[in-house]
S.K.: 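Starting off with a structure, shown below.
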Amino acid sequence: DIGVHAKAYILMEAKTGQVIISKNQDVPLSPASTTKILTAIMAIERGEVDKEIVVSNEAASVGEASIHLEPGEKISVLNLLKGALIKSGNDASFALAEYVSGTEDIFLLLMNRKAKLVGALNSTFYNANGLPHKGHLSTAKDLALMARYGLNNRLFKSIVATKEERIPWSNYGWDRNLVNTNKLLWKYTGADGVKTGTTKEAGSCLVASA
């Protein structure tokens with residue numbers, strides 16, 4: 001026993017994919033906001049990060065963790081990525097899904113296909129942000145594989161390693177301040193990612209890299 005009380009965990013060597021230690025690595029569980037790893041990968045690969053989009057009413061009204069997007073606000077895809085990965089904005093994730101595919105439903109078809117392509121065979125996603133849904137499930141191994149895939153992308157790697165960032169708030173005269181939800185970036189030498197997730201249903205979830 002390594003003293004980790006999580007229902008499931010895995011330690012994977014990123015370069016080779018070799019599993020060093022694991023527990024319940026293939027058991028489907030609620031992944032909460034660690035979902036945003038794949039949402040961000042999709043937006044980086046399918047979108048243009050410099051493009052400005054206009055925030056829809058639907059994106060602006062997504063609840064819980066948010067970067068307070070407002071209907072009609074103009075914001076770049078890059079800043080939405082930062083909002084989703086650093087501050088875990090559910091609204092930013094939804095806006096990315098709409099940008100990539102027009103609707104979240106079409107995005108989810110592509111997202112679930114992408115999961116399989118990166119080897120995450122036991123994951124099923126019902127939204128782009130990880131808000132609770134009984135069928136929205138992933139596994140420790142699948143999350144590790146998605147993170148490993150994402151860390152091969154330079155932009156993804158740099159955003160998830162960012163402790164704090166300011167992005168414009170176009171309707172106001174000041175910036176949004178994004179502080180990373182991943183406390184390991186401050187506390188653990190060499191930590192450089194990746195994503196936290198917390199809901200009542202999922203408990204505390206963490207995908208970390210160092």
S.K.: Quick check: do I86 and V179 have side-chain heavy atoms less than 4.5 Å from each other?
M.R.: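 No. Closest side-chain heavy atoms not under 4.5 Å.
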S.K.: Would you say NZ of K23 has more than 12 non-hydrogen atoms from neighbouring residues, nucleotides or ligands within 6.0 angstrom?
M.R.: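 Buried by this count: over 12 neighbours within 6.0 Å.
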S.K.: Without hydrogens or angle criteria, can the side chains of T196 and N182 be said to hold a donor-acceptor pair below 3.5 Å?
M.R.: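 No, no side-chain donor-acceptor contact under 3.5 Å.
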S.K.: N129 versus T39: any side-chain heavy-atom pair under 4.5 Å?
M.R.: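 No, too far: nothing below the 4.5 Å cut-off.
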S.K.: Taking atom types as modelled, find out whether T35 and H136 have a side-chain donor-acceptor pair closer than 3.5 angstrom.
M.R.: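 Yes, side-chain donor-acceptor contact under 3.5 Å.
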S.K.: Atom CG in N90, atom OG in S66: separation rounded to 0.5 Å?
M.R.: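 One finds 7.5 Å between CG of N90 and OG of S66.
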S.K.: State whether the side chain of T199 and the backbone N or O of A202 hold a donor-acceptor pair below 3.5 Å, judged by distance alone.
M.R.: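 Here the side-chain-to-backbone pair exists.
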S.K.: Looking at CG of L69 and CG of L80, how far apart are the two atoms once the value is rounded to the nearest 0.5 Å?
M.R.: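 The CG atom of L69 sits 6.0 Å away from the CG atom of L80.
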S.K.: Share the residues that join V27 in a hydrophobic cluster, the rule being Ile, Leu, Val, Met, Phe, Trp or Tyr side chains under 4.5 Å apart at the heavy-atom level.
M.R.: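 Its cluster partners, ordered by chain and number, are L29.
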S.K.: Among Ile, Leu, Val, Met, Phe, Trp and Tyr joined by side-chain contacts under 4.5 Å, find the other residues sharing a cluster with L117 and list them by chain and number.
M.R.: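 Traced through the cluster, L117 reaches no other member.
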S.K.: Would you please name every residue forming a side-chain hydrogen bond (donor to acceptor under 3.5 Å, both in side chains) with E164, sequence neighbours left out?
M.R.: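 With sequence neighbours excluded, E164 shows a side-chain hydrogen bond (donor to acceptor under 3.5 Å, both in side chains) to N177, given in chain and number order.
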S.K.: Please name the pair of heavy atoms, one in I167 and one in L178, separated by the smallest distance, quoted to 0.1 Å.
M.R.: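 So the two residues come closest at CD1-CD1, 3.9 Å.
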S.K.: If you count the non-hydrogen atoms of other residues, nucleotides and ligands that lie under 6.0 Å from NZ in K116, is the total more than 12?
M.R.: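 Atom NZ in K116 is packed in, count exceeds 12.
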S.K.: With sequence neighbours excluded, what pairs up with S170 under the side-chain contact (heavy atoms from CB on, under 4.5 Å) test?
M.R.: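 Applying side-chain contact (heavy atoms from CB on, under 4.5 Å) to S170 gives E73.
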S.K.: Is there a continuous path of hydrophobic side-chain contacts, each under 4.5 Å between heavy atoms, that joins I21 to V207?
M.R.: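 No; V207 is not reachable from I21 via cluster members.
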S.K.: What is the distance from atom OG of S56 to atom CD of E98, rounded to the nearest 0.5 Å?
M.R.: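 Output value for this atom pair is 3.5 Å.
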S.K.: Run the salt bridge (Lys or Arg N to Asp or Glu O under 4.0 Å) test against E45 and tell me which residues pass, sequence neighbours left out.
M.R.: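 Checked E45 against salt bridge (Lys or Arg N to Asp or Glu O under 4.0 Å); matches are K114.
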S.K.: Check M146 against V118 and note the closest heavy-atom contact, atom names and distance.
M.R.: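 Distance-wise, the nearest heavy atoms are CG-CG2, 3.9 Å.
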S.K.: Do I53 and L85 belong to the same hydrophobic cluster, where Ile, Leu, Val, Met, Phe, Trp and Tyr are linked whenever their side-chain heavy atoms lie under 4.5 Å apart, directly or via other members?
M.R.: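 Hydrophobic grouping puts I53 with L85.
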S.K.: Going only through I, L, V, M, F, W and Y residues with side-chain contacts under 4.5 Å, is there a path from L145 to V160?
M.R.: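 Different hydrophobic clusters.
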S.K.: Nearest heavy-atom pair of G193 and L185: which atoms, and what distance?
M.R.: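 Residues G193 and L185, closest heavy atoms: N-CD2, 3.5 Å.
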S.K.: Which is it for T124 and N112 under the side-chain contact (heavy atoms from CB on, under 4.5 Å) test, yes or no, and what are the steps along the way?
M.R.: CA-CA 6 Å; T124 315; N112 282 301; 4.2 Å; yes
S.K.: How many angstroms lie between atom CG of L143 and atom OG of S123, to the nearest 0.5 angstrom?
M.R.: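 If I round to the nearest 0.5 Å, the distance is 6.0 Å.
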S.K.: Could you tell me whether the side chain of D91 and the main chain of A59 form a donor-acceptor pair under 3.5 Å?
M.R.: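 No; judged by distance alone, with no hydrogens or angles, the pair does not exist.
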S.K.: Is V4 reachable from L206 through a run of hydrophobic residues whose side-chain heavy atoms are each under 4.5 Å from the next?
M.R.: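 Different clusters: L206 never reaches V4 through Ile, Leu, Val, Met, Phe, Trp or Tyr contacts under 4.5 Å.
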S.K.: Going by the salt bridge (Lys or Arg N to Asp or Glu O under 4.0 Å) test, which pairs reach into residues 130-148, not counting sequence neighbours?
M.R.: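 Found none.
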S.K.: Does S88 have any side-chain hydrogen bond (donor to acceptor under 3.5 Å, both in side chains) partners at least two apart in sequence or in another chain, and if so, which?
M.R.: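 So S88 forms a side-chain hydrogen bond (donor to acceptor under 3.5 Å, both in side chains) with S33, K36, K195.
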S.K.: L131: which other cluster members, linking ILVMFWY side chains closer than 4.5 Å, directly or transitively?
M.R.: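 Besides L131, the hydrophobic cluster comprises V62, F94, listed by chain and residue number.
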S.K.: For T16 and E13, does a side-chain donor sit closer than 3.5 Å to a side-chain acceptor?
M.R.: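 Yes, because at least one side-chain N or O of T16 sits under 3.5 Å from a partner of the opposite role on E13.
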S.K.: Hey, could you give me the CG/CZ distance between D105 and F107, rounded to the nearest 0.5 Å?
M.R.: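 Those atoms lie 12.0 Å apart.
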S.K.: Show the nearest heavy-atom pair for residues D192 and A210, with the distance to one decimal.
M.R.: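 Reported closest heavy-atom pair: OD1-N, 3.5 Å.
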S.K.: Quick one: are P168 and N79 in side-chain contact, heavy atoms under 4.5 Å?
M.R.: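 Counting from C-beta outward, P168 and N79 do come under 4.5 Å.
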S.K.: In the hydrophobic cluster built from side-chain contacts under 4.5 Å, what are the other members alongside W174?
M.R.: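 When side chains under 4.5 Å apart are linked, the cluster holding W174 also contains W169, Y172.
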S.K.: State whether E52 and K74 are salt-bridged, where the test is any N-O pair (Lys NZ or Arg NE/NH1/NH2 against Asp/Glu carboxylate O) under 4.0 Å.
M.R.: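 No, no charged N to carboxylate O under 4.0 Å.
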S.K.: Going by ring-ring contact (aromatic ring centres under 6.0 Å, His included), name the residues that satisfy it together with Y188, two or more places apart in sequence or in a different chain.
M.R.: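 Not a single residue meets the ring-ring contact (aromatic ring centres under 6.0 Å, His included) criterion with Y188.
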S.K.: Step by step, work out the side-chain contact (heavy atoms from CB on, under 4.5 Å) result for S101 and L110.
M.R.: CA-CA 9 Å; S101 303; L110 299 171; 3.5 Å; yes
S.K.: Within the structure provided, determine whether I75 and R176 are in side-chain contact (heavy-atom separation under 4.5 Å).
M.R.: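 In contact.
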S.K.: I'd like to know if V100 and V49 are part of one continuous hydrophobic network [Ile/Leu/Val/Met/Phe/Trp/Tyr, side-chain heavy atoms within less than 4.5 Å].
M.R.: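 Yes, V49 and V100 fall within the same hydrophobic cluster.
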S.K.: What are the two closest heavy atoms between S22 and I10, and how far apart are they?
M.R.: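 Shortest heavy-atom separation between S22 and I10 comes out as CB-CG1, 3.8 Å.
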S.K.: For the CG atom of L155 and the CG atom of L78, what is their distance to the nearest 0.5 Å?
M.R.: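 The CG atom of L78 is 6.0 Å from CG of L155, to the nearest 0.5 Å.
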S.K.: Minimum heavy-atom separation for F156 and L151, please, with both atom names.
M.R.: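 The pair with the smallest heavy-atom distance is CD2-N, 3.8 Å.
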S.K.: For Y126, check ring-ring contact (aromatic ring centres under 6.0 Å, His included) against everything at least two apart and list the hits.
M.R.: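 Only H133 meet the ring-ring contact (aromatic ring centres under 6.0 Å, His included) criterion with Y126.
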S.K.: Only counting residues at least two apart or in another chain, list the ones meeting salt bridge (Lys or Arg N to Asp or Glu O under 4.0 Å) with K87.
M.R.: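 For K87, no residue satisfies salt bridge (Lys or Arg N to Asp or Glu O under 4.0 Å) once neighbours in sequence are set aside.
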